[in-house]
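Remarks on the structure that follows.
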Amino acid sequence: MAVKVGMVSLGCPKNLVDSEVMLGTLAREEYEITADAGQAEVLIVNTCGFIDKAKKESVDTILEMARHKETGSCRRLIVTGCLVQGYVDQLKAELPEVDAFLGSADYPRIAEVIRGLSGSKKLKAPLVEVHSPVYLYDENSPRLLATPSYSAYLKMAEGCDHACGFCAIPQLRGALRSRSIESCVAEARNLAAAGVKELNLISQDSSEYGRDLYGEPRLDELLQALDKVEGLRWIRVHYLYPAFLTDGLMKTFADSKRLVKYIDLPLQHGDTAMLKAMRRPGSYEGNLALLARFRAAVPDVAIRSSFIVGYPGETDAQFARLLQFLREADLDRAGFFTYSFEEKTWSGSLEGQVSDKVKRERQRQASELAAELSAKRLAEKRGRELEVLVERRADQEGTALSLEGGLEPRVSAKAARSKHSFIGRTQWDAPDIDGRVHLRVDAGSPAPKPGDFVRVKVEDSDAHDLFGSLVP
């Protein structure tokens with residue numbers, strides 16, 4: 001009888017791809033993947049270790065899964081991912097419930113590790129596999145997609161060569177390692193053949209894609225090649241680093257027929273001195289000019305960015321400068337993180353740490369301003385007919401990764417009361433990040449299916465979402 005394995009995946013989409021490869025590896029080795037933690041004989045937690053909040057969520061989840069060793073059929077608990085890569089010694093000392101630890105690049109050995117843990121005897125010490133992160137999956141790696149059938153992530157590179165003051169990713173994920181253009185295109189064709197219509201390209205630094213392989217960034221060439229893959233409808237790029245955005249890349253965005261007009265450009269701050277303190281490129285004026293260049297080159301583009309408030313030394317005046325930058329930048333979407341102390345980063349040794357109370361207040365103010373700006377830009381779409389990707393019925397919201405690597409629908413009370421029947425997204429909304437389209441379908445009209453592309457007449461909007469009706 002096949003061993004039943006369950007998984008919980010935490011953190012970013014890059015971590016999700018790692019989980020999908022683990023699930024695919026186990027399925028190929030004829031393990032049975034189960035969504036019921038109480039029935040699993042082996043439980044895997046793929047952790048995130050990027051910021052304090054993510055670390056706490058990871059540890060809490062490990063402890064929650066560990067209880068199944070007492071109440072369920074679980075015999076072995078395995079912990080993988082970035083938290084293990086950065087803190088394995090601490091985890092070993094504090095989590096005796098765990099039977100094995102695998103680093104962020106050791107997950108392809110998951111089936112071998114499970115076989116090595118076979119048997120019911122309690123281990124004298126946990127198995128530890130934490131090596132330098134050098135592995136990179138490719139188009140031949142098995143994957144069991146945890147996203148809806150019509151949408152998938154493609155990790156085109158791993159690791160990062162930058163030294164941002166707040167970030168431990170180079171230690172957790174290693175140096176930049178790009179897949180070849182041919183490898184990425186081959187996987188994109190495989191995904192399209194399996195029914196994927198939306199391809200989300202991810203890495204730690206997409207702008208630098210290819211520099212390690214080709215001696216210079218080749219993102220524009222990769223996008224041009226992917227734009228020719230039949231079956232794909234939308235191609236979206238995440239995590240563009242602002243220092244390497246060329247006119248050629250902007251032209252590719254403008255000319256491609258499948259590449260959506262959406263830019264994910266984490267700027268991290270608006271004040272020039274704070275950017276320097278963060279070891280980030282750009283300046284107040286330079287980043288505004290960069291946004292203007294993109295908007296001039298790519299009409300109707302939506303620009304999303306993320307920012308950190310409360311970085312060590314951030315003054316009231318510098319935070320005010322960030323708010324002024326937001327007003328001038330007039331971004332479509334913006335997210336704000338409070339600075340998270342990381343002892344493994346350069347900023348961990350800086351003086352002038354900002355109190356948690358001040359950080360939370362600055363996050364609140366910045367988020368409120370961003371919501372105002374978003375509401376204004378979304379209001380401009382009222383009356384337009386837009387292409388919308390249908391995701392689900394309105395009474396089945398949520399995209400939490402279940403133990404079996406699928407989507408667990410969670411009913412939202414707001415959606416259940418809504419007169420709109422379906423939830424979808426425009427090309428300007430990334431999955432699980434941005435806003436939604438609440439879509440009403442008139443009685444008697446055919447109901448769209450998840451993965452369908454439909455036309456929607458926008459009738460209303462708020463700070464985050466659009467509301468409209470299906471265009472027959």
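Side chains of Ser9 and Ser19: a donor on one and an acceptor on the other come within 3.5 Å. For the 3.5 Å distance criterion, the side chains of Asp442 and Ser445 fail to qualify, holding no donor opposite an acceptor. When only modelled atom types and interatomic distance are considered, Ser183 and Glu139 share a side-chain donor-acceptor pair under 3.5 Å. Remark: the Asp18 side chain and the Tyr107 side chain contain an N/O donor-acceptor pair separated by less than 3.5 Å. With 3.5 Å as the limit, one finds a donor-acceptor pair spanning the side chains of Glu158 and Gln204. With hydrogens and angles left out, the side-chain atoms of Gln224 and Thr252 include a donor and acceptor closer than 3.5 Å.
Partner of Phe307 under the ring pair (Phe, Tyr, Trp, His ring centres under 6.0 Å) criterion, out of Phe337, Tyr339, Phe336: Phe336 alone. Residue Glu20 is tested with Arg143, Lys155, Lys14 for a salt bridge (Lys or Arg N to Asp or Glu O under 4.0 Å); the sole match is Arg143. Under the side-chain hydrogen bond (donor to acceptor under 3.5 Å, both in side chains) rule, Tyr262 has a single partner from Asp429, Asp434, Asp332, which is Asp434.
Across every non-hydrogen atom of Gln85 and Pro133, the tightest pair is NE2-CD, 3.6 Å. Closest heavy-atom contact between Ser207 and Pro217: O-CB, 3.4 Å. When every heavy atom of Ala188 is checked against every heavy atom of Leu226, the shortest pair comes out as CB-CD2, 3.5 Å. Residues Ser347 and Pro312 share a closest heavy-atom pair of O-CG, 4.1 Å. Heavy-atom minimum distance, Cys82 versus Arg173: SG-NE, 3.3 Å. Of all the heavy atoms in Val298 and Met250, the pair that sits closest is CG2-O, 3.6 Å.
For Asp106 and Arg109, the salt-bridge test fails: no basic side-chain N is under 4.0 Å from an acidic carboxylate O. Of the charged side-chain nitrogens involved, at least one lies within less than 4.0 Å of a carboxylate oxygen, so that Arg115 and Glu29 count as a salt-bridged pair. Between Glu387 and Arg455 there is no salt bridge, since none of the side-chain N atoms of the basic residue sits less than 4.0 Å from a carboxylate O of the acidic one. Salt bridge Arg67/Glu70: absent, no basic N to carboxylate O contact under 4.0 Å.
In this structure, Arg218 fails the cation-pi test against Tyr209, since its NZ or CZ atom is not both closer than 6.0 Å to the six-membered ring centre and inside 45 degrees of the ring normal. The side-chain tip of Arg258 does not point at the ring of Trp234 from less than 6.0 angstrom away and within 45° of straight on.
Here the CD1 atom belonging to Ile78 is positioned 12.5 Å from the CD1 atom belonging to Ile62, to the nearest 0.5 angstrom. Atom-to-atom distance recorded for Leu245:CG and Asp220:CG is 11.0 Å, nearest 0.5 angstrom. The CG atom of Asp452 lies 9.5 Å from the CZ atom of Phe422; values are rounded to the nearest 0.5 Å. In this structure, CG on Leu77 lies 8.0 Å from CZ on Phe101, to the nearest 0.5 angstrom. In this structure, Lys261 NZ and Ile303 CD1 are separated by 13.5 Å, a value rounded to the nearest 0.5 Å. Rounded to the nearest 0.5 Å, atoms CD (Gln39) and CD (Glu41) are 9.0 Å apart.
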> Are Asp99 and Arg75 close enough, and set up right, to give a salt bridge (Lys or Arg N to Asp or Glu O under 4.0 Å), and what steps lead you there?
Replying inline: CA-CA 9 Å; Asp99 299 291; Arg75 299 198 308 270; over 6 Å; no
>> Determine whether Val185 and Glu182 satisfy the following criterion, side chain to side chain contact (heavy atoms under 4.5 Å, CB included), listing intermediate values before the conclusion.
In response: CA-CA 5 Å; Val185 170; Glu182 293 77 14; 5.9 Å; no
>> Walk me through whether His162 and Leu176 qualify under side chain to side chain contact (heavy atoms under 4.5 Å, CB included).
In response: CA-CA 9 Å; His162 300 298; Leu176 175 68; over 6 Å; no
>> side chain to side chain contact (heavy atoms under 4.5 Å, CB included), that's the test. Do Ser374 and Arg333 meet it? Break it down for me.
In response: CA-CA 6 Å; Ser374 175; Arg333 309 282 187 184; 3.6 Å; yes
>> Walk me through whether Lys69 and Glu97 qualify under salt bridge (Lys or Arg N to Asp or Glu O under 4.0 Å).
In response: CA-CA 8 Å; Lys69 296 179 75 172; Glu97 302 91 342; over 6 Å; no
> Yes or no on side chain to side chain donor-acceptor pair (under 3.5 Å) for Ser206 and Ser203, after CA distance, side-chain angles and deciding distance?
Replying inline: CA-CA 6 Å; Ser206 296; Ser203 68; 3.0 Å; yes
>> Let's go through Trp428 and Arg304 carefully: what are the C-alpha distance in whole Å and the side-chain angles of both, what is the deciding distance for side chain to side chain contact (heavy atoms under 4.5 Å, CB included) to 0.1 Å, and is it a yes or a no?
In response: CA-CA 9 Å; Trp428 303 295; Arg304 175 184 182 82; over 6 Å; no
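A 4.5 Å side-chain heavy-atom check between Leu83 and Leu91 finds at least one atom pair inside the cut-off. The closest side-chain heavy-atom distance from Leu95 to Val79 is not below 4.5 Å. Between Tyr135 and Ser141 there is a side-chain heavy-atom pair separated by less than 4.5 Å. Residues Leu223 and Leu201 have side chains in contact (heavy-atom distance under 4.5 Å, counting atoms from C-beta outward). Using a 4.5 Å heavy-atom cutoff, the side chains of His269 and Tyr311 are not in contact. Between Arg425 and Pro431, some side-chain heavy-atom pair lies under the 4.5 Å cut-off. Here the side chains of Asp264 and Leu240 are not in contact, with every heavy-atom distance at 4.5 Å or above. You'll find the side chain of Val454 reaches within 4.5 Å of the side chain of Leu439, heavy atoms only.
Judged purely by atom type and a 3.5 angstrom limit, Arg179 has no side-chain atom pairing as donor or acceptor with the backbone of Ala157. For Thr34 (side chain) and Ala40 (main-chain N/O), no donor-acceptor pair under 3.5 Å exists by modelled atom type. The backbone N or O of Gly231 sits nowhere less than 3.5 Å from a side-chain atom of Arg233 that would complete a donor-acceptor pair. Looking only at distances, no side-chain donor or acceptor of Asn46 sits under 3.5 Å from a matching main-chain atom of Leu10. The closest donor-acceptor contact from the side chain of Thr147 to the backbone of Ser151 lies under 3.5 Å. Between the side chain of Thr47 and the backbone N or O of Thr80 there is at least one donor-acceptor pair closer than 3.5 Å. With hydrogens and angles ignored, the 3.5 Å screen pairs no side-chain donor or acceptor of Asp52 with any backbone N or O of Ser340. Side-chain atoms of Ser178 come within 3.5 Å of backbone atoms of Gly210 as a donor-acceptor pair (strictly under, hydrogens ignored). The closest donor-acceptor contact from the side chain of Ser367 to the backbone of Gln363 lies under 3.5 Å. The closest donor-acceptor contact from the side chain of Asp227 to the backbone of Lys257 lies under 3.5 Å.
Within 6.0 Å of CZ in Arg211 there are more than 12 heavy atoms belonging to other residues, nucleotides or ligands. Environment of OH in Tyr137: crowded, with over 12 heavy atoms of neighbouring residues, nucleotides or ligands closer than 6.0 Å.
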